[in-house]
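Sequence positions, counted from 1, serve as the residue numbers for this chain. Both counts, for ligands and for their atoms, begin at 1 and track the order of listing.
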Amino acid sequence: MFQRVAIIGGGAAAATLLSELLGRRSPRMLHLDWYTGGGAQGRGVAYGSRSPRHLLNVRAASMSMFAGKPRGFLDFVQRDDPSIAGTDFLPRFRYGDYLEAEVAHALHQGTIHGHDIHVIPLAVDALVPERDKVTVICGERARGVGAVVLALGALPPQPLDGVGADVLASDRYVVDPWPLLAGAGVDPSPRKVALIGLGLTAVDVLLELSVQWPRAEFTAISRHGLLPEAHLNTAAAPFGDSAELIESMRETADIRRWLRLVREATRQGADWRTIIDSLRPHIPGLWNELPSPQRTRFLRHLRWAWERARHRMPPQVCRTLAALEQAGRLRRRRGRVQAVDLAGDALQLTLTCAGATQTMRADLVIQTTGLNLDVNRTDHPLVRQLVTNAHVTPDPLGLGMQAGSDGRLLHDGQCWPNLFALGSLLRGTRWESIAMPEISQQARSLADQLLAD
Ligand SMILES: Cc1cc2nc3c(=O)[nH]c(=O)nc-3n(C[C@H](O)[C@H](O)[C@H](O)COP(=O)(O)OP(=O)(O)OC[C@H]3O[C@@H](n4cnc5c(N)ncnc54)[C@H](O)[C@@H]3O)c2cc1C
């Protein structure tokens, strides 16, 4: 058992690991330092939104923090409102309430069990891992611990190539949409807004700003010009033949063959959503078997289709967006943004689509390109320090840090015995590693490892 552990990160992943560790009776006292980076404990970016329009994209019954207590979130919300069903898509702030309540409970339980817990609302600046300890540096303080877990979530978004310094210095280009949404009040001025990217981040931006800015018109640009798919109105039964499908996929680690197998399964009558969902728990194993050129091929040709199908919108969100399109307030446009330039008191976007170059103007451009996990291209101070000092190995495809299957981070081709990651930073190792169902599983087995004798 590691007796002195530091968890770095203040979001849902860290909160889940903390709750797993403190909820168990361990034979010896645990010294736990939790560096939250400031902000509300456990909410992070995803569950820090206070907007009732921002919904979970997973049904309530599948959002427990605890792999061993699957009704956790549903029980929490039904205490206030017994009419809530497990199939409902609830506002994300309710999930934030649940996270905060579980964290408070875990801290209380930990104290009762005699553990020594320090919640430090600061960001860690640097780490020095060695074989028998890790030194955690935070401001003036350096402290040696037995093990460290990085639960940093996604990295701060970086501006796209082709966006000049003068554009970034203007107030017309938004790299990180979350602070804008948190501060947006009602404003009736007309304006043309362009969104670069059409995933769930763009959906959140559209839901919020179309209400706060009732005369704004939106153009959302992506390579294929398609919105995420929608969940079914009612939850469907799981796909029955998943074991056979996964067995066939395991036989040949080839993306084209996998796609053929999935298509064949849909032709046999199952709804494609149930097939995708049944694959989900097996994805880390399948991804692990996929050779690097095949992973590259997947990212180049299929990633966009997988993300659309896997990260789906609740049906009511889909209806709201359809209404915006019908009212002429939302246009979708195919293209790749090559450049954004200042043009008088507006911005000009240069796009390419099917070999042709086009331009369009907007009063405001918002980057909604999704999660940044490229540790080589980040200004996150701790991650930069770890990469610069070669304490960790970047994933070659820009998907976080290389790690073993148990979450231990790699350096020099070997796993550290005492430096772990949880959640988004493991995307290159596991692919499915960013949503709560996967994070809960990881937190549970990481707690087992940290407390094992
Ligand atoms: C908008 C949005 C909606 C989502 N909706 C869903 C959903 O409906 N269902 C679902 O299952 N998943 C959803 N997800 C996936 C989501 O990422 C996870 O569910 C979860 O929020 C990830 O938590 P995290 O702790 O890994 O990261 P984050 O929530 O990003 O937290 C990272 C934390 O690390 C802290 N930190 C960073 N650097 C340091 C440092 N040096 N020292 C100390 N602390 C530091 C940050 O301050 C932050 O508190 C959504 C994600 C987003 C972005």
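The nearest pair of heavy atoms linking I283 to W306 is CD1-CH2, 3.9 Å.
Counting the atoms of ligand 1 from 1 in the order shown, those under 4.0 Å from a heavy atom of A435 are 10 (C), 11 (O), 12 (N). Annotation for ligand 1: atoms under 4.0 Å from non-hydrogen atoms of I434 are 15 (C), 16 (C), 17 (O), 18 (C), 19 (O). Counting the atoms of ligand 1 from 1 in the order shown, those under 4.0 Å from a heavy atom of L382 are 41 (N). Proximity to L56 (heavy-atom distance under 4.0 Å) selects the following atoms of ligand 1: 8 (O). Interface atoms of ligand 1 facing G11, defined by a heavy-atom separation under 4.0 Å, are 25 (O), 29 (O), 31 (O), 33 (C), 49 (O). Atoms of ligand 1 lying under 4.0 Å from at least one heavy atom of G153, given by number and element, are 26 (O), 27 (O), 30 (O), 32 (C). Those atoms of ligand 1 that come under 4.0 Å of a heavy atom in Y47, given as number and element, are 6 (C), 7 (C), 9 (N), 10 (C), 12 (N), 13 (C), 14 (N), 18 (C), 19 (O), 20 (C), 21 (O). Near L122, the atoms of ligand 1 lying under 4.0 angstrom from a non-hydrogen atom of the residue are 43 (C).
The distance criterion of under 3.5 Å between nitrogen or oxygen atoms is not met by P437 with respect to ligand 1.
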side-chain hydrogen bond (donor to acceptor under 3.5 Å, both in side chains) between D33 and H118, intermediate numbers included: CA-CA 5 Å; D33 294 338; H118 300 265; 4.6 Å; no
Trace of the side-chain hydrogen bond (donor to acceptor under 3.5 Å, both in side chains) decision for S51 with E208: CA-CA 8 Å; S51 169; E208 192 60 21; 2.6 Å; yes
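Looking at W34 against ligand 1, nothing comes within 4.0 Å, counting heavy atoms. Residue contacts with ligand 1, taken as heavy atom pairs separated by less than 4.0 Å, do not involve D125 at all. Only the side chain of M63 comes within 4.0 Å of ligand 1, counting heavy atoms alone; its backbone N, CA, C and O stay farther away.
Distance from atom 26 (O) of ligand 1 to its nearest protein heavy atom, with residue and atom name: A13 CB, 3.4 Å. Nearest protein heavy-atom neighbour of atom 36 (N) of ligand 1: G9 CA, 4.1 Å. At the shortest separation from atom 37 (C) of ligand 1 among protein heavy atoms lies H380 NE2, 3.6 Å. Protein heavy atom at the shortest distance from atom 41 (N) of ligand 1 is V124 O, 3.0 Å. Annotation: atom 29 (O) of ligand 1 to nearest protein heavy atom, G44 CA, 3.3 Å. Nearest protein neighbour of atom 48 (C) of ligand 1, counting heavy atoms only, is G10 N, 3.8 Å. Here the protein heavy atom with the shortest distance to atom 39 (C) of ligand 1 is L152 CD2, 3.7 Å. Here the protein heavy atom with the shortest distance to atom 7 (C) of ligand 1 is N57 OD1, 3.3 Å.
The shortest separation from a heavy atom of W178 to ligand 1 is under 4.0 Å, placing the residue in contact. Between A151 and ligand 1 there is a heavy-atom distance shorter than 4.0 Å.
The closest side-chain heavy-atom distance from M401 to V383 is below 4.5 Å. Under the 4.5 Å side-chain criterion, counting only non-hydrogen atoms from C-beta, L206 is in contact with F218. Side-chain contact between L74 and Q78: present, with at least one pair of heavy atoms (C-beta onward) separated by less than 4.5 Å.
A side chain to side chain contact (heavy atoms under 4.5 Å, CB included) with F420 holds for exactly one of L409, L150, L450, V148; it is L450. A salt bridge (Lys or Arg N to Asp or Glu O under 4.0 Å) with E217 is found for one member of R329, K192, R331 and no other, namely K192.
Stacking of R191 on the aromatic ring of W213 is recorded, both the 6.0 Å distance cut-off and the 45° axial limit being met.
Side-chain atoms of T429 and Q402 include no donor-acceptor pair closer than 3.5 Å. A donor-acceptor pair shorter than 3.5 Å can be found between the side chains of Q367 and Y173.
Of the candidates C138, A46, P314, the one placing a heavy atom closest to atom 51 (C) of ligand 1 is A46.
Aromatic ring pairs are classed by plane angle as parallel below 30°, tilted from 30° to 60° and perpendicular above 60°; the pair H113 and H115 is perpendicular. Ring planes of H224 and W304: parallel class, angle under 30° (limits at 30 and 60°).
In this structure, the side chain of R92 does not engage the main chain of H54 through any donor-acceptor pair within 3.5 Å.
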